[in-house]
Amino acid sequence: MDNRKLITIAIDGFSSSGKSTMAKKLAKNIGYAYIDTGAMYRAVTLFSLRNGFFHGNNLDIESLEEALAGINISFAVNCEGRTETMLNGENVEKEIRGMDVSSKVSIVAAVGTVRKALVAQQQAMGKEKGIVMDGRDIGTVVFPDAEMKVYVDASPETRAQRRYDELRAKGDNVTYEEVLANVTERDRIDTTRKESPLRKADDAVVLDNSNMTIEEQDKWLLDLYNKISSQE
Ligand code: DC
């Protein structure tokens, strides 16, 4: 790392827009910490499923709220340098990425008390700056004063194809149609919910990566960081 002033980097966007991959890579390149806030909402969803708070798509919000103080989410770095999500000390990285959690997480993420608790944790994690955080409300709610804000966009079909390839590679037996339906439904819930809906912060820079390679988007992001951090 050089002696440039540490900044806060907020990366928001739709599910499966590729934002986590690029955020993670940028953090590694510039020696910053990386936080995947979607993983935190996913961990709370897994906890809710395991504890029987879901009845179909109905969430028993009261029981979840009572349990909230006992849900501890942290991140650990494995021997390959990858960050893994821990729920009350258990590594749940694999489980939170499956379709069971994916199909319920938007319901949990729409609960105001859950958001309040997780936003407070995220703000504490980023208070020293030098952090790349990705999610839906990072540039608007968690760090409205972030020096660098990116809003990542891509068509639902592009995102569904990426997610489908990812799940199939992991051995998940899903169809493209199921994944597209899940992506579209999550978009709908994430953008129309009452609590902190996904929206572009006024001062965010938009990146539509539908037709970009991973290398192109990584370079785009690093160039933007170099430009902004040299002005700070
Ligand atoms: O980025 P992801 O697909 O892992 O996010 C999972 C869900 O969590 C998604 O439905 C949106 C929600 N989320 C949110 O509401 N706010 C965040 N900061 C991050 C994720």
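For this chain, numbers begin at 1 and follow the sequence in order. One-based numbering, in listed order, for ligands and for the atoms of each. Owing to the predicted nature of the structure, the values given are computational and were not obtained by experimental measurement.
Taking only nitrogen or oxygen atoms, main chain and side chain alike, D36 does not reach within less than 3.5 Å of ligand 1. Distances between N or O atoms of D134 and those of ligand 1 include no value under 3.5 Å. Where the criterion is an N or O separation shorter than 3.5 Å, residue side chain and backbone included, S15 fails it with respect to ligand 1. The shortest N or O to N or O distance between Y41 and ligand 1 is not under 3.5 Å. Checking only distances, S16 never comes within under 3.5 Å of ligand 1, N or O to N or O. Polar contact check, R136 against ligand 1: a nitrogen or oxygen pair lies under 3.5 Å apart.
The closest approach between Q122 and ligand 1 stays at or above 4.0 Å for every heavy atom of the residue.
Of the heavy atoms in M133, none comes closer than 4.0 Å to ligand 1. With a heavy-atom cut-off of 4.0 Å, M40 does not touch ligand 1 at all.
Of the protein's non-hydrogen atoms, R42 NE, 2.7 Å is the one closest to atom 4 (O) of ligand 1. With respect to atom 19 (C) of ligand 1, the closest heavy atom belonging to the protein is T37 OG1, 3.3 Å.
For the pair D12 (side chain) and G139 (backbone), a donor-acceptor distance under 3.5 Å is present.
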